[in-house]
Amino acid sequence: MTLSKQMEQVLAPIYKQRVPVIFLKGVNILVSLLPPVFTGRLLDNLNAYDGDQAFFYIGIIAAVLAIYFLLNWAQDYFWYRMEYTGTGLIRSFLFASAIRKDYVSLQKYSVGDMENRIVHDAGVYAHAKISMTPMLVLNIVHILVILGLLFSRDVPMTLATIAFAAVFFLVYKFINKHIRKAALKETEGYSEVLTYASETIAGVDTVQLYGEEEYFAHRFEHTVDKYEHFLIKLRKWKGLALAANNKIMGLLPLAAVFVGLYLYRADIIIVGIGSIVSFYLLLPSLADPIKSLTEFNIDAQNAKAVEGRLVALLAEETVHDSHLEFIDKIHSLEFSNICYKYEDGTEVLWDVNFEVKPGDALAVTGPSGAGKTTFLRMLKRQLHPSWGQILINGKNYQHVDDKSYIERIAVLTQNVFIFDDTITANIKFGKDISDEEVQKIAELCALGHLDLNDWATKLSGGERQRLGLARALACKYDVLILDEPTTELDLDTENKIIETLKAVQQENRCIFIVITHSENVLKNLCNKSLIMTKPK
Ligand code: ADP
């Protein structure tokens, strides 16, 4: 499905609201044209009216202006309310897609670039998607109505106006191409600024410890300079478009009056005061729809520029094949002659073999760089073997549904991800479990001394690690994967965690896979081992 079709589905609830809002905008446009027309009539017939009639006419014009003011405000409010809701829907949709991407695709994006696509690019795209068609139609109708009114007043003067307006469109065709190119560069530059800011702030502790604030400030300044350059370039083209609009709009009444005067001198027409005033009041009101089209054209070029970036974000979403076999329990897990080679040719795993069943605890050891993390990613199905077979319950893993497998494993990662919320929320991690259960698990993981309603971001390294374990234990799992579960713990706490894990395994008969360097864990928890070596 194309991006456009996908977005139309996401925006379906918004599209329903568009009709009344477009109607309101249309009425607003018609009302805006009444004062110039009425004023022209008033001046045409000034001699025929007595004083009271003229004042009555002026009163009507003032009342129409008041209605116009209210309508203008109402259409603006409802229009933007609709657009902001739609933008929110698109951002949420893109965010949900982004966090479903597979591991390899995610590696292509920096944090800032991803943020930029979800927040900025989505906003630009949503604006164009929601408003493009109605804005085009409304503004073109607006222009046609004004031209109709002008024609009814004076044909040659109107034709002169149209001829000048044609120049405007030629200028635009040329400018558009440059706006699109500059907009893409600008948004890529913005991604880089976000990435540099977020990664440096995330690592500010280390930056300060190394006393390298100046280096990182300089690095950021360089990125901002580059971004500034792109912004200025984009503004140059946008400014040209807007200036062309203003100047050509300024020339329109002049062109009309020039032609009017010429015809008047040649005795071809007699231009009345009502016509001249109507032209002077109506021509500037052409400025509104033309300016709106100009600005909208710039937005549409921006949207075209970011479209490819959004397509890329959606294209790589992990697809779950519904034809695969669902599993409700993992009875065995086997690696048979597994090898892995990264895209750049780095060979990491070489002929890995093992089988584990419920009750087993497999220790995975090996020097740094031997491939333990790669092996873990393969267990989590983030990477797929280049050679060999993974068997789940004796079946080739490619025939087993991803989601049902992932739901049966729990993982304690080395760097525990803590989000900005309470310890309880961080342990639950979206799961529907009671606070009492969380309290019980926290005690098992030596976190009983903490107030679980406290914010988790203030926990120490060891406490974070135990929170990670509590989070894993709170899942329903058949395989528990522990990546260096005790590195941050003192011997006493390590012993307590080992006891907890042994009790958990006795109760649940699950499979443990433990990456560890700890002799204590190796001896007292594991019954099998797999030694990783670097390929020669
Ligand atoms: P360990 O966890 O045992 O320290 P890893 O699995 O992290 O080892 O890494 C094993 C080897 O694979 C290392 O040489 C590392 O540089 C390389 N490696 C890791 N990730 C990638 C990648 N995305 N692309 C290429 N090589 C990688």
Side-chain angles (χ1 to χ4, degrees), residues 1-22 24-25 75-102 105-106 108-139 176 179-195 197-198 230-231 234 238 292-293 295-320 419 430:
M1 206 190 305
T2 61
L3 178 71
S4 183
K5 282 263 167 310
Q6 265 175 299
M7 290 305 169
E8 271 157 30
Q9 275 181 5
V10 174
L11 292 172
I14 293 300
Y15 282 169
K16 279 190 201 136
Q17 294 172 20
R18 278 205 305 192
V19 178
V21 184
I22 291 170
L24 197 62
K25 218 172 168 76
Q75 62 85 19
D76 183 87
Y77 171 75
F78 286 113
W79 191 276
Y80 278 100
R81 204 174 76 154
M82 175 179 78
E83 215 181 274
Y84 294 153
T85 314
T87 306
L89 287 176
I90 290 191
R91 283 191 180 131
S92 306
F93 177 75
L94 287 170
F95 183 77
S97 304
I99 60 172
R100 283 195 198 103
K101 276 184 165 320
D102 64 56
S105 307
L106 274 171
K108 291 189 217 152
Y109 301 91
S110 63
V111 177
D113 187 32
M114 194 66 112
E115 279 171 8
N116 191 18
R117 285 175 204 240
I118 293 167
V119 181
H120 169 266
D121 294 359
V124 169
Y125 187 79
H127 169 63
K129 193 78 197 143
I130 296 166
S131 305
M132 175 110 66
T133 316
M135 276 297 196
L136 259 174
V137 173
L138 280 169
N139 285 306
N176 275 351
I179 293 182
R180 262 203 310 275
K181 245 166 67 187
L184 185 59
K185 284 255 176 250
E186 185 263 346
T187 193
E188 283 170 359
Y190 185 58
S191 289
E192 213 173 305
V193 170
L194 281 179
T195 301
S198 53
F230 294 142
L231 263 181
L234 177 60
K238 277 187 183 176
S292 169
L293 278 180
E295 284 169 356
F296 203 74
N297 173 56
I298 293 174
D299 296 342
Q301 303 313 317
N302 283 341
K304 262 202 187 134
V306 301
E307 194 174 307
R309 291 166 52 81
L310 298 183
V311 170
L313 204 61
L314 291 178
E316 295 150 350
E317 194 179 328
T318 313
V319 182
H320 292 291
F419 60 91

side-chain contact (heavy atoms from CB on, under 4.5 Å) partners for F95, two or more places apart:
I99, I118
Going by side chain to side chain donor-acceptor pair (under 3.5 Å), name the residues that satisfy it together with T187, two or more places apart in sequence or in a different chain.
N116, H120, D121
Report yes if the side chains of R117 and Y109 come closer than 4.5 Å at any heavy-atom pair, otherwise no.
yes
side-chain contact (heavy atoms from CB on, under 4.5 Å), paired with M7, selected from I130, L94, T2:
L94
Mind checking what makes side chain to side chain donor-acceptor pair (under 3.5 Å) contact with N139, not counting sequence neighbours?
S292
Looking at S131 and A128, would you say the former's side chain and the latter's main chain have a donor-acceptor pair under 3.5 Å?
no
Can you pull the salt bridge (Lys or Arg N to Asp or Glu O under 4.0 Å) pairs that have at least one residue in residues 76-99, sequence neighbours excluded?
none
Salt bridge flag under 4.0 Å for residues R309 and D113
yes
Are any side-chain N or O atoms of S105 and backbone N or O atoms of K101, one a donor and one an acceptor, separated by less than 3.5 Å?
no
Taking the six-membered ring for Trp and the full ring for Phe, Tyr or His, determine whether the centres of H127 and Y84 are under 6.0 Å apart.
no
Please check if the number of heavy atoms outside Y80 that lie under 6.0 Å from its OH is greater than 12.
no
Residue pairs, two or more places apart or on separate chains, that pass salt bridge (Lys or Arg N to Asp or Glu O under 4.0 Å) and touch residues 4-22
E8-K129
Could you give the distance from CZ (F230) to NZ (K181), rounded to the nearest 0.5 Å?
12.5 Å
Using a 4.5 Å cut-off on heavy atoms from C-beta on, say whether the side chain of T87 contacts that of Y125.
no
Who are the ring-ring contact (aromatic ring centres under 6.0 Å, His included) partners of Y77, not counting sequence neighbours?
none
